[in-house]
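Notes follow the structure.
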Number of protein chains: 2
Amino acid sequence: MDTKLSYSLRELAQLAGVSKSTASRVISGNGYASPDVRERVLKAAEELRYKPNAVARAMVAKRTYNIGVIVFRDKLPIVSHTLYGKIVDEILMAAEDLGYSIFLKTDREMSLRSMDYMLEQRVDGLILISRLRKNVIDYVKKFNIPYIMVNGSAEDPDVVHLVSNDEAGGERAAEHLYDQGHRRFFIVAGPVEHRSHSLRLSGFLNKLGSLDDGKRMITEEDKQSGQGSDGIVDETSTKAEDASRISIVTVAESPDSSFDSGVRLMEERYEEFRSGSYTALFATNDMLALGAMKVLLENGVHVPEDVSVMGYDNTDLGGMYHPALTTVSVDAAGLGRDAVAILDRMIGGEENVPRLIEYESEVIARRSTRGEGNGTCSGIGNT
Amino acid sequence: MDTKLSYSLRELAQLAGVSKSTASRVISGNGYASPDVRERVLKAAEELRYKPNAVARAMVAKRTYNIGVIVFRDKLPIVSHTLYGKIVDEILMAAEDLGYSIFLKTDREMSLRSMDYMLEQRVDGLILISRLRKNVIDYVKKFNIPYIMVNGSAEDPDVVHLVSNDEAGGERAAEHLYDQGHRRFFIVAGPVEHRSHSLRLSGFLNKLGSLDDGKRMITEEDKQSGQGSDGIVDETSTKAEDASRISIVTVAESPDSSFDSGVRLMEERYEEFRSGSYTALFATNDMLALGAMKVLLENGVHVPEDVSVMGYDNTDLGGMYHPALTTVSVDAAGLGRDAVAILDRMIGGEENVPRLIEYESEVIARRSTRGEGNGTCSGIGNT
DNA sequence: CCTCTTTGTGGGAACGGTCCCACATCACAT
DNA sequence: ATGTGATGTGGGACCGTTCCCACAAAGAGG
């Protein structure tokens, strides 16, 4: 009796002296039961510590109230990822509020295995996080299961995806630095295959181009010589001396987007960086920015006095750094919450959900850029 | 047909022209089927994109191959927690390898709700992370479900728990700083209710006491006056001038263990800190250490030239900081992996599992303490 | 007093698998 | 020919719910 893991509705009904139909009505709250019967059943449930079997329920309801979350990564662990971790946290909370539970999986090889697993588990819907290969999308489409992509890179008009407006964010970053008077920019760009990185970069470059167009006289670094095409800059690290622009921009591409890559890149190109007398460094995410900035600091470069540094993502880490990193925020909370909310509507059969939601980003000015930035941080991280 | 979410074994069998028993045998791999029948069934499965229904399977098997992971937190999100996030990552990977899936829940109020949910889902076992109240343990004990505690604070001999050996880690930290010649210590201690924080602190203090006993002459700061009790130091921030010890220790207690608390604490006690001419700061976790260090840096204190700073947890963040933080590692990978492995054994009915596993910690010497420390970092954090 | 609702309860099929057991078939030894 | 054993397949109970429907009892209206 004590060794039993759990009791069934039949046993409960037996103890209460009613049929299992009646017990079911009391437990599930669907259907009528007279007060005294209800009480007897409830008492028996208490006694047996009866817990309805969600598995059996799911079976007849053909619905599990579970949502599968798959995070696609290549090699690195990803829940503890500074941005995706936050999104997962939000998903967890939002799901709880809507009565869903979360099945979490990370997928190293971007394979279809984890997808199969979720399908076999008969989750009600899927949230796919991060860039995923086309084959994954093609695959999931074949099954009639609601799914949503968060921060994905596919530009498929069919799939519902939630992304931050990285292009606009890149523009704001450019504006911020430009307004602070910077004209010589060194950009550390994460892998261009990533939607986020490439959009942030292009937003930044485009904005810079249009800013220069407006007031092309106020500069001391103008290498007036170009012809005026609107391919603003060199794609990979040649000076933009041929453009009819005032800004000097060097784009350094990083093969991946980690802190270490930022370090490595700056170590390799430090000489070039110094000799170019850049006054601002923009990286397409915080990790790259911090990695690069660390190398600068170690070489005795003062941030922001000598060089301003700006990242993107508003990871907690950036706010904690010394100097605190100026960055562009990504609305992780919004992404996570809405992912669940919209998926819920899709599960409910609603057809008319938005295909694409973009989240606006704003500049979080802090110490690492010269200007009025403050040193506060959005503190997280306890034990 | 295309609108169908999924097909049943019966439909599959029908298409293949066999009975569902036979189809089951082919699909599950349990039992014999002749080659041509096998092939027919497999072909039909392909055609229908048949996915076995794990819910139905779980029902008859009375086993779900799901593991519930509940992270108890008070207010802050916790998956993105620098340490617990890592542990969850490891659990995810280990579970995958053993054929389990993970149900993840965080529990804000340390309530029993999430526990009930897991029980209803009929998970095969539970991993409970972080400190949990006694009522939670009492509750889970009532059900015959295997469970394990990771980094929990309960010292209940019945429950299987995996913890890092925080006491020994604290000792090593003391040793490290002592060996580097430090004698005036300022300690930022996280909440003493937390097992980890209090053990790290006591380990540190005890070790310091015994180090001083051994060679009480080699010092310039000796306030020879005390009587020789072995209550080494003042508990809260009074100088240990009465002890027959060479070290001066101040313990500053922080109400919580976040980065912000570290900042706040050091801001409040900065004057005291400066006037005490401490040469080393030890905090019971990295976040507190970094928060405090940031304040020092902002006040122009040089780390490690003026003050050495040391944390605990070996969070990625510490390695990325400038200067890179010396810390004590916690074997998050080991904790996560073993949690799943041991739980698996318990699920398998094995009685004879260890009740307590302690993970040794080692000092990770980096730049923030004077000495030979290097500046490397275990880089993580990409997009 | 008999029908006709109304009301509360129970019986039982269904969900989609697994697995035990029965059974048909066939080879082979008797 | 007949029994025997192996071999491959099918029938059907069962897991723990939900929910439809049948049904008994009771109350209302003629």
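Being a predicted model, the structure only gives us computed values, none of them experimental. First the proteins, then the strands, lettered A, B, ... as listed; each starts at 1.
- Minimum interatomic distance between B:Val18 and B:Val37 (heavy atoms only, all atoms of both residues): CG1-CG1, 4.0 Å.
- Residues A:Tyr139 and A:Phe143 bring their aromatic ring centres within 6.0 Å.
- For B:Arg113, the CZ atom sits in a loose shell: 12 or fewer heavy atoms of surrounding residues, nucleotides or ligands are nearer than 6.0 Å.
- Side-chain proximity of B:Met59 to D:dG16, C:dG17, C:dC19: nearest is D:dG16.
- Look at B:Tyr32 and you won't find any side-chain N or O under 4.0 angstrom from OP1 or OP2 of D:dT7.
- Listed by residue number, the members of residues 11-28 of chain B with any heavy atom below 4.0 angstrom from DNA chain D are B:Val18, B:Ser19, B:Lys20, B:Ser21, B:Thr22, B:Arg25.
- When distances run from any side-chain atom of A:Ser34 to the nucleotides D:dG16, C:dT9, C:dG16, the shortest one goes to C:dT9.
- Contact check, B:Arg57 against C:dG16: no side-chain N or O comes under 4.0 Å of OP1 or OP2.
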Determine whether A:Tyr100 and A:Asp344 satisfy the following criterion, side-chain hydrogen bond (donor to acceptor under 3.5 Å, both in side chains), listing intermediate values before the conclusion. CA-CA 9 Å; A:Tyr100 290 100; A:Asp344 178 48; 2.5 Å; yes

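- For the pair B:Ala33 and B:Val60, both in contact range of DNA chain D, the more 5′-proximal nearest nucleotide belongs to B:Ala33.
- What separates CG of A:Leu48 from C1' of D:dG16 is a distance of 15 Å, to the nearest Å.
- Residue A:Leu9 contributes atom CG, which lies 12 Å from atom P of D:dC19 at whole-angstrom precision.
- Using a 4.5 Å cut-off on side-chain heavy atoms (C-beta onward), A:Tyr147 and A:Val140 make contact.
- Using a 4.0 Å cut-off between charged side-chain N and carboxylate O, B:Glu120 and A:Lys51 make no salt bridge.
- B:Asp158 and B:Arg355 are not joined by a salt bridge, as no carboxylate oxygen comes within less than 4.0 angstrom of a charged side-chain nitrogen.
- For A:Glu120 and C:dG17, the CD to P distance is 10 Å, given to the nearest whole Å.
- When rounded to the nearest whole Å, the span between CZ of A:Arg10 and P of C:dA13 equals 16 Å.
- Out of D:dC19, D:dG8, D:dG16, the shortest distance to the side chain of A:Asn30 is found at D:dC19.
- At the phosphate of C:dT18, neither OP1 nor OP2 sits under 4.0 Å from any side-chain N or O atom of B:Lys62.
- We find that OH of A:Tyr65 is positioned 15 Å from C1' of D:dT17, with the value rounded to whole Å.
- Looking at the side chain of B:Tyr50, the nearest of the listed nucleotides D:dG8, D:dT18, C:dG17 is C:dG17.
- Between A:Glu39 atom CD and C:dG8 atom P there is a gap of 17 Å when expressed in whole angstrom units.
- Within 4.0 Å of B:Val37, counting heavy atoms only, lie sugar-phosphate atoms of the nucleic acid but no base atom.
- Counting any heavy atom pair closer than 4.0 Å across all strands shown, B:Ala58 reaches no nucleic acid atom.
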